[in-house]
There are 2 protein chains.
Amino acid sequence: MDERDVRLLKAIADLGTGSPEKLHEATDIPVSTIHYRLNNLKDDGVIENDLYDIDLEAFGLGVTVVVEVLADYSGSYEEVGNKLLEIEGVTQLYFTMGETDFIVVAHLADSDRVERLISDFEATPEVERTNSTFVISAMRDSHRALQSYTLETLLDELGIED
Amino acid sequence: MDERDVRLLKAIADLGTGSPEKLHEATDIPVSTIHYRLNNLKDDGVIENDLYDIDLEAFGLGVTVVVEVLADYSGSYEEVGNKLLEIEGVTQLYFTMGETDFIVVAHLADSDRVERLISDFEATPEVERTNSTFVISAMRDSHRALQSYTLETLLDELGIED
DNA sequence: GAGGGTATGGACGAACGCGACGTGCGCCTG
DNA sequence: CAGGCGCACGTCGCGTTCGTCCATACCCTC
């Protein structure tokens, strides 16, 4: 995996499309080369399916951390949240009820990077305290939430008659 | 949104493809209707992009919960984890270091369903205690982890020369 | 039974997937 | 250093698939 692969994958993530033509426009990589690269990435298991889900482990972001963030959001929580969103590696950001204010899931290259992540958090003035938990194994880390449901349950819970 | 829409979206999630032909095989919905339906879902904002990311709020799974699970995994943690994975609504499951054993992110239809989720957890013999946190606002809930990085950082952290 | 929304089938042009082939570059070997 | 080999990249072309348009059929509702 080299720079071009990374640019390609990032373009897919940013644009939200797998269209070779669009990716060409964004990356300047010739369309045929995009095919060539994507095929290799599929063979290598970095790309998992037609939806371009990425195996973060294979890609090189194998470290997952869950961070609880306590913050003083005397302004609005959105304001603080947006600052946290700008920190690199933050994949999920939840504003929550209860003891902690934000819960963050981050995907990082290695455990050394966790340090930087935390110091990025602490460098945000509104952040008062953080509490990080290392993930040993991500047994499921999917955005395809519907997978975990049966069709019946979905119809049921959404109140749809057959 | 009706049964067919749900079947379509679930097929996309299960198969990991957006190919109309494959979806037709899986759902028995005519190809032209698949086009018709998917277009409507895009217009309605349920499907967000070419990667078929789903707006869970628009879909009807607008409630997010983060649950810490304490378990007795005298067997293997995989064994317990696999049981937890079977519980409907579990989108992410992390086996972690530290005080808690598992951290779960779940997407549910409404807050009533949280009750059932928790009782599903508690019904698992190995589970000793759970601690759930409601999400007020999911400020980012993306699987496209690369979005949060700049190209430079990615290259840097993966140790790729330009 | 008239009319709006919804669903389906067919047909056509456009886009895509993929294999075949050509080129350039580095590296080994004689 | 010449020649040969292999890999990565790019170009071309063809068969397939996709997406859209239009015409028709369905089905409630009034």
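Reminder, nothing fancy here: chain letters follow the sequence lines and each chain counts from 1.
- Of all nucleotides in DNA chain C, those with any atom nearer than 4.0 Å to a heavy atom of chain A start and finish, going 5' to 3', at C/dC16 to C/dG17.
- Going from atom CG of A/L8 over to atom P of D/dG10 covers 12 Å, rounded to whole Å.
- In this structure A/D156 satisfies the side chain to side chain contact (heavy atoms under 4.5 Å, CB included) test with no other residue, sequence neighbours excluded.
- In this structure, A/K83 does not pair ionically with A/E79, as no charged nitrogen and carboxylate oxygen lie closer than 4.0 Å.
- Rounded to whole angstrom, the span from the CD1 atom of A/I29 across to the P atom of D/dG10 amounts to 8 Å.
- Counting heavy atoms of neighbouring residues, nucleotides and ligands inside a 6.0 Å radius, atom CD of A/E48 exceeds 12 of them.
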Could you pull out the protein-nucleic contacts involving nucleotides 6-9 of chain D (nitrogen or oxygen on both sides, under 3.5 Å)?
unit_1: D/dC9; atom_1: OP1; unit_2: A/R37; atom_2: NH2; d: 2.2
unit_1: D/dC9; atom_1: OP2; unit_2: A/R37; atom_2: NH2; d: 3.2

After noting the C-alpha distance and the side-chain angles of B/V69 and B/V67, does the key distance pass the side chain to side chain contact (heavy atoms under 4.5 Å, CB included) rule? CA-CA 6 Å; B/V69 177; B/V67 186; 4.0 Å; yes
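- Under the 30°/60° scheme for interplanar angles, the aromatic rings of B/Y77 and B/F95 are found to lie parallel.
- Straight-line distance from the CD atom of B/E25 to the C1' atom of D/dT17: 13 Å, rounded to whole Å.
- Contact check on B/R144 versus A/D14 returns no salt bridge, with no Lys/Arg side-chain nitrogen under 4.0 Å from an Asp/Glu carboxylate oxygen.
- A salt bridge is absent between B/K10 and B/E3: the closest approach of a Lys/Arg side-chain nitrogen to an acidic carboxylate oxygen does not fall below 4.0 angstrom.
- Whole-Å rounding puts the B/H35 NE2 to D/dG19 P distance at 5 Å.
- At a cut-off of 3.5 Å, with distance as the only test, no side-chain donor of A/T130 or A/E68 sits close to an acceptor on the other residue.
- Between the NZ atom of A/K22 and the C1' atom of D/dG19 there is a distance of 13 Å, rounded to whole Å.
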